[in-house]
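Read through the structure below, which is laid out as structure tokens, and then see the notes.
Source: prediction; values computed, not measured.
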Amino acid sequence: MMRFRSIGFRLTLWYFAVLSVALVAFGVAMWFAMRQSLFGAVDGTLREQARGVGRFIQDQGASAHPEEMREEFREHSVLGPGGDLFQVCDSNGNWLYRSGVLREAPIPVYTTDQLKSTRRYDNVRIHAAPFRLLSRNVEVLGQLYAVQVAAPVHELQEGLEQFFWILVCGIPVVLVFASLGGYWLSRRALVPVDEITQAAQSISAQSLSRRLPVPGTGDELERLSSTLNAMFERLDAAFGRITRFTADASHELRTPIAFLRTTAELALRRQRSETEYREALTQILSELERTSGLVEDLMVLARADSGSGGMRFEPMDVIVSIREACEQGRVLAESKQIEFEASMPEAAVEIEGDCRAVRRVFLILIDNAVKYTAAGGRIAVNFVQKTGSACIEVRDSGIGIAAEDLPHIFDRFYRADKARSREMGGVGLGLAIAQWIVEVHQGKIEVESVPGQGSTFRIALPMYQTNGVEQESKSAAGRF
């Protein structure tokens, strides 16, 4: 069944329109070419007849009397069959010979002066029959003669008329059959598109792992199928991340909520002393603070996923943010008897970014270093300025990260040592937030670690440029 809005139908319409224009143009060109060819043959015959008249006059002698010339023309048929369809006039206007047929016909008559530099072809009708008339000068021994030669062209016009009707009747027939064939070919060519459409319609949120069939044709359909499969693969991965994120968030929130409920229920189950109530409220407040931090982190990542991080980018001194983070980190390190060192230049180092977000990145890295470094360990924060970028290094002598965990440490809710992470209050969102903030600032974050020897996190942020070379600095930020 033909669907009028389908691509196949529209392709057929375009094919019909283009083919119609092409066939009509071809038919018109062929008709004129055929007409030119046939009339060219007739004109060649007429020119030969005119030259024959000139040769006859030359044979008779240019000084012959006009009456003698007339008699000679009457007695001799110099032009073969139909040779009497001509007339000759000298330069003085005397007719040497005039065919009776031409004399009675309303045909144009030219003098030698009118035909000096040209020859004329006229289509005339004699006794309702079509004729082709040639009028030209013929020079014989220095004298000019106006010669007019005619030839019937009724058979030629009949042939042209038949060819015209063949074109008029044949072109529509060819268009109809060609359009039907074009529609069939378009539907056949679009069958893989229908198959791709049906396969795509069958893919839902529950079956994102399915893929479209890829025809090995090497054409646009194969590229379309491959592109759609790549898109489904990205959607599957994104949907999987969202599902895992939701499940992990639910799991992380379930534990503190259950703790809060249990603590409150136990406190209200019987009459307790003020000290017991205070202890219960202290536990609830501590868990609420931890849960509030978790919810805040979840909100940050949600805004990051929606593309609305709410950051305000402006020129800032990254050294100030590092110092502020180091001051808080030094307090945390001293509470665990960990040696803390920071090496930074005195001069300002400007980048374009959000100072609160940048400071949060350093706090996350220093806080992680403190959590996973035992008492007596060492944490060092170093700043290195390279071409076009500010590089910050946070090194610790903690427990390190296993090689199989390194590719996943920036994943949300991923914890290399889950038991110890829970004890230390981590839920596996800090590094994911840090990576997002660094990437938003067009920077790069990397990690090196050896189990039992510690970890080193390196961050590169593009320097703020005022001379129009920001792009160069952003490119340099990816190199350590």
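Counting heavy-atom neighbours within 6.0 Å of Q114 CD, excluding the residue itself, gives a total above 12. Surrounding CZ of R272 are more than 12 heavy atoms belonging to other residues, nucleotides or ligands, all under 6.0 Å away. Environment of CD in Q337: sparse, with no more than 12 heavy atoms of neighbouring residues, nucleotides or ligands closer than 6.0 Å. Sparse packing is recorded around CD of E155, with 12 or fewer heavy atoms of other residues, nucleotides or ligands lying under 6.0 Å away. More than 12 heavy atoms of other residues, nucleotides or ligands lie within 6.0 Å of CD in E276, so this atom counts as buried by the packing criterion. Annotation: F26, atom CZ; neighbour count of heavy atoms from other residues, nucleotides and ligands within 6.0 Å does not exceed 12.
With hydrogens and angles ignored, the 3.5 Å screen pairs no side-chain donor or acceptor of S37 with any backbone N or O of A33. Proximity of a side-chain donor or acceptor of S389 to a complementary backbone N or O of Q385 within less than 3.5 Å is not detected. Side chain of K386 to backbone of A460: no donor-acceptor contact under 3.5 angstrom is found. Under the 3.5 Å distance criterion, the side-chain polar atoms of T227 are matched with a main-chain donor or acceptor of R223. Formation of a donor-acceptor pair under 3.5 Å by the S335 side chain with backbone atoms of L332 is found in this model. Distance alone, capped at 3.5 Å, places no donor-acceptor pair between the D396 side chain and the G454 backbone.
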*Going through the distances and angles, do D367 and K371 end up as a salt bridge (Lys or Arg N to Asp or Glu O under 4.0 Å)?*
CA-CA 6 Å; D367 182 62; K371 285 179 181 178; 3.2 Å; yes
*Assess whether salt bridge (Lys or Arg N to Asp or Glu O under 4.0 Å) is satisfied between E446 and K444, documenting all intermediate values.*
CA-CA 7 Å; E446 291 182 349; K444 189 174 182 181; 3.2 Å; yes
*When you look at E341 and V381, which way does the side chain to side chain contact (heavy atoms under 4.5 Å, CB included) test go after all the steps?*
CA-CA 6 Å; E341 295 181 359; V381 179; over 6 Å; no
*List the steps and the verdict of side chain to side chain contact (heavy atoms under 4.5 Å, CB included) for Q36 and F32.*
CA-CA 6 Å; Q36 185 67 25; F32 277 103; over 6 Å; no
_R323 vs E327, salt bridge (Lys or Arg N to Asp or Glu O under 4.0 Å): CA-CA, chis, key distance, verdict_ = CA-CA 6 Å; R323 285 201 181 103; E327 289 174 3; over 6 Å; no
*Test S397 against R378 for side chain to side chain donor-acceptor pair (under 3.5 Å), laying out the working first.*
CA-CA 6 Å; S397 60; R378 182 174 179 272; over 6 Å; no
*Show your reasoning for whether side chain to side chain donor-acceptor pair (under 3.5 Å) applies to R395 and N382.*
CA-CA 8 Å; R395 184 188 302 271; N382 299 315; over 6 Å; no
*For T456 and V447, run side chain to side chain contact (heavy atoms under 4.5 Å, CB included): C-alpha distance rounded to whole Å, both residues' side-chain angles, the deciding distance at 0.1 Å, then the answer.*
CA-CA 6 Å; T456 301; V447 59; over 6 Å; no
_Let's go through E448 and R458 carefully: what are the C-alpha distance in whole Å and the side-chain angles of both, what is the deciding distance for side chain to side chain contact (heavy atoms under 4.5 Å, CB included) to 0.1 Å, and is it a yes or a no?_
CA-CA 8 Å; E448 292 180 1; R458 294 187 181 91; 3.0 Å; yes
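You'll find the ring centres of H154 and F131 outside the 6.0 Å limit.
Looking at S135 and L115, their side chains come closer than 4.5 Å, going by heavy atoms from C-beta outward. Put simply, the side chain of L365 reaches to within 4.5 Å of the side chain of I459, judged on heavy atoms. Looking at L160 and F39, their side chains come closer than 4.5 Å, going by heavy atoms from C-beta outward. The shortest distance between side-chain heavy atoms of V384 and E393 does not fall below 4.5 Å. Taking the side chain as every heavy atom from C-beta outward, F340 and C326 approach each other to under 4.5 Å. Between L363 and Q328, the closest side-chain pair of non-hydrogen atoms falls below 4.5 Å.
Electrostatic pairing of E334 and R330 does not count as a salt bridge here, judged by no charged N lying under 4.0 Å from a carboxylate O.
Of all non-hydrogen atoms in F383 and P345, the two that sit nearest each other are CD2-CD, 3.4 Å. Residues D354 and R312 approach most closely at OD2-N, 2.9 Å, considering heavy atoms. Among all heavy-atom pairs drawn from G159 and M34, the shortest one is O-CE, 4.4 Å. Closest non-hydrogen pair, I437 versus V361, comes out as CG2-CG2, 3.4 Å. Residues V349 and A390 share a closest heavy-atom pair of CG1-CB, 4.1 Å. Of all heavy-atom pairs between C169 and V173, the closest is O-CG2, 3.3 Å.
To the nearest 0.5 angstrom, I379 atom CD1 is 8.0 Å from I366 atom CD1. Put simply, CG on L268 and CZ on R270 are 11.5 Å apart, with the number rounded to the nearest 0.5 Å. Note: M463 CE to C391 SG = 10.0 Å, rounded to the nearest 0.5 Å. Taken to the nearest 0.5 Å, the CZ atom of F313 stands 9.0 Å off from the CD1 atom of I351.
Listed by chain and residue number, nothing satisfies the side-chain hydrogen bond (donor to acceptor under 3.5 Å, both in side chains) test with Q162 (two or more places apart in sequence, or in another chain). Applying the ring pair (Phe, Tyr, Trp, His ring centres under 6.0 Å) test to Y121 and every residue at least two apart in sequence or in another chain returns nothing.
With F232 as the aromatic partner, R234 does not meet the cation-pi criteria of under 6.0 angstrom to the ring centre and within 45 degrees of the ring axis.
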